[in-house]
Amino acid sequence: MIEATEGNPGLVLVTLGPLTNVALALARKPEIANKVSRCVVMGGAPCCEGNVTPAAEYNIWVDPEAARIVLGSGLPIELIGWHLCRYEAALSPSDIELVLGFGTERARFAIECNSHARHAYFEQTGEDGISLPDPVAMSIALDPTIAISWGEHYVEVETSSELTRGMTVVDRLNVAANPRNCAVWSHLLAQGPNAKVCWAIETKRWKEALYAFLT
């Protein structure tokens with residue numbers, strides 16, 4: 001990863017899993033953060049419930065210490081949270097039938113390899129469908145205009161609480177600077193935003209991008 005970054009200034013880094021390897025690379029060569037043009041991170045549950053604990057999304061929960069290191073590294077992070085692949089963005093039963101109707105090996109594989117994910121999504125949410133967080137993140141990496149709402153925030157990761165370990169804490173309502181919060185937040189806010197957080201995507205365009213790849 002260090003060699004690839006140093007050899008390709010302006011590289012777009014996309015992370016689709018826990019951030020352990022990125023944190024280790026930064027520990028060895030912190031300056032690689034300056035050579036990355038975009039760091040698209042699929043991870044976190046900013047201002048919403050988690051999918052592995054009530055507070056945390058899986059990729060961050062696995063190694064929250066690494067996530068904290070990455071967020072504090074100076075990388076130009078674009079945080080693509082779990083919330084973006086839910087609701088209208090999830091593949092509905094009719095979407096799944098549409099994909100299978102493409103008749104391609106790629107389309108069949110995409111649906112079949114997510115059969116367990118479909119079951120898990122129903123168990124968690126009561127919704128029948130397939131949520132695809134990694135493809136959503138990759139679609140934004142390839143075409144940033146699919147994301148239609150962003151905010152620049154200081155994002156912190158909880159690493160010690162038994163209840164909320166792995167939680168991505170985002171001050172979306174700008175209350176962290178209130179006097180009652182200064183003791184905890186003032187030194188963090190003084191550092192300025194460390195991530196762009198994506199709050200919404202254009203669902204129709206995201207699905208069109210996926211379908212174009214699967215046909």
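Please read all numbers here as calculations on a predicted model, not as lab measurements.
Phe213 and Phe109 sit in two unconnected hydrophobic clusters of ILVMFWY residues. Membership requires side-chain heavy atoms under 4.5 Å apart, directly or through other members. At a threshold of 4.5 Å between side-chain heavy atoms, the hydrophobic network of Ile, Leu, Val, Met, Phe, Trp and Tyr places Ile201 and Trp150 in one connected group. Connection of Leu13 to Met42 is not established within any shared hydrophobic cluster, with ILVMFWY side chains joined at heavy-atom distances below 4.5 Å, either directly or through further cluster members. Both Met1 and Leu26 are members of a single hydrophobic cluster when ILVMFWY side chains are connected at heavy-atom separations under 4.5 Å. Hydrophobic clustering keeps Leu189 apart from Val175 (ILVMFWY residues linked when any side-chain heavy atoms are closer than 4.5 Å, directly or through intermediates).
The two residues Pro144 and Ala141 come nearest to each other via the heavy atoms CD-O, 4.4 Å. The two residues Ala4 and Asn8 have their closest heavy-atom pair at O-ND2, 2.8 Å. Nearest heavy atoms, Asn194 versus Ile77: O-CB, 4.0 Å. Annotation for Val62 and Pro64: closest pair C-CD, 3.8 Å, computed over non-hydrogen atoms. Closest heavy-atom contact between Pro46 and Gly81: CD-CA, 4.0 Å. The shortest non-hydrogen separation linking His153 to Arg172 is CE1-CA, 3.8 Å.
Proximity of a side-chain donor or acceptor of Glu57 to a complementary backbone N or O of Gly44 within less than 3.5 Å is detected. At distances below 3.5 Å, not a single donor-acceptor pair connects side-chain atoms of Arg38 with backbone N or O atoms of Val12. A donor-acceptor pair under 3.5 Å is absent between the side-chain atoms of Glu65 and the main chain of Ala67, judged by distance alone. Looking at Asn114, its side chain does come within 3.5 Å of a backbone N or O of Ala110 through a donor-acceptor pair.
To the nearest 0.5 Å, atom CG of residue Leu16 and atom CG of residue Asp134 are 4.5 Å apart. Note that OH of Tyr121 and CD1 of Ile130 are 11.0 Å apart. Values are rounded to the nearest 0.5 Å. To the nearest 0.5 Å, atoms NZ (Lys35) and CG (Leu11) are separated by 11.5 Å. One distance of note links NZ of Lys207 with CG of Leu214; it measures 13.0 Å at 0.5 Å rounding. Note that CZ of Arg28 is 6.0 Å distant from CD1 of Ile2, once rounded to the nearest 0.5 Å. One finds the CG atom of Leu188 at 11.5 Å from the SG atom of Cys182 (value rounded to the nearest 0.5 Å).
Between His83 and Trp199, the ring planes lie tilted relative to each other; the angle falls in the 30° to 60° range.
The shortest distance between side-chain heavy atoms of Thr168 and Trp82 does not fall below 4.5 Å. At a threshold of 4.5 Å between non-hydrogen side-chain atoms, the residues Tyr154 and Pro193 do not count as touching. At a threshold of 4.5 Å between non-hydrogen side-chain atoms, the residues Arg165 and Thr53 do not count as touching.
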Might you work through the side-chain contact (heavy atoms from CB on, under 4.5 Å) test for Gln124 and Asn51, ending with a clear yes or no? CA-CA 8 Å; Gln124 283 189 336; Asn51 64 355; 4.0 Å; yes
Let me see the working for Glu156 and Leu71 under side-chain contact (heavy atoms from CB on, under 4.5 Å), right down to the final yes or no. CA-CA 8 Å; Glu156 185 57 283; Leu71 281 161; 6.0 Å; no
Does the side-chain contact (heavy atoms from CB on, under 4.5 Å) test come out yes or no for Val22 and Leu75, once each step is laid out? CA-CA 10 Å; Val22 182; Leu75 279 167; 4.2 Å; yes
Under the salt bridge (charged side-chain N to carboxylate O under 4.0 Å, His left out) rule, what do Arg118 and Glu112 come out as? Steps first, then yes or no, please. CA-CA 10 Å; Arg118 182 177 185 178; Glu112 289 186 0; over 6 Å; no
Leu91 vs Leu210, side-chain contact (heavy atoms from CB on, under 4.5 Å): CA-CA, chis, key distance, verdict: CA-CA 10 Å; Leu91 296 189; Leu210 178 68; 4.0 Å; yes
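When each of Asp63, Ile69, Ile60 is tested with Leu19 by the rule side-chain contact (heavy atoms from CB on, under 4.5 Å), just one qualifies, namely Ile60. Trp206 pairs with exactly one of Leu132, Ile140, Leu84 by the side-chain contact (heavy atoms from CB on, under 4.5 Å) rule, that one being Leu132.
Around CD of Glu88, the count of heavy atoms belonging to other residues, nucleotides or ligands within 6.0 Å does not exceed 12. Residue Tyr211 places its OH atom among more than 12 non-hydrogen atoms of other residues, nucleotides or ligands, all under 6.0 Å distant. Applying the 6.0 Å contact sphere to CZ of Phe102 captures more than 12 heavy atoms from other residues, nucleotides or ligands.
Judged purely by distance below 3.5 Å, without hydrogens or angles, the side chains of Glu3 and Thr5 never pair a donor atom with an acceptor atom.
In terms of the side chain to side chain contact (heavy atoms under 4.5 Å, CB included) criterion, residue partners of Asp143 (sequence neighbours excluded) are, by chain and number, Thr145, Ile146, Arg205.
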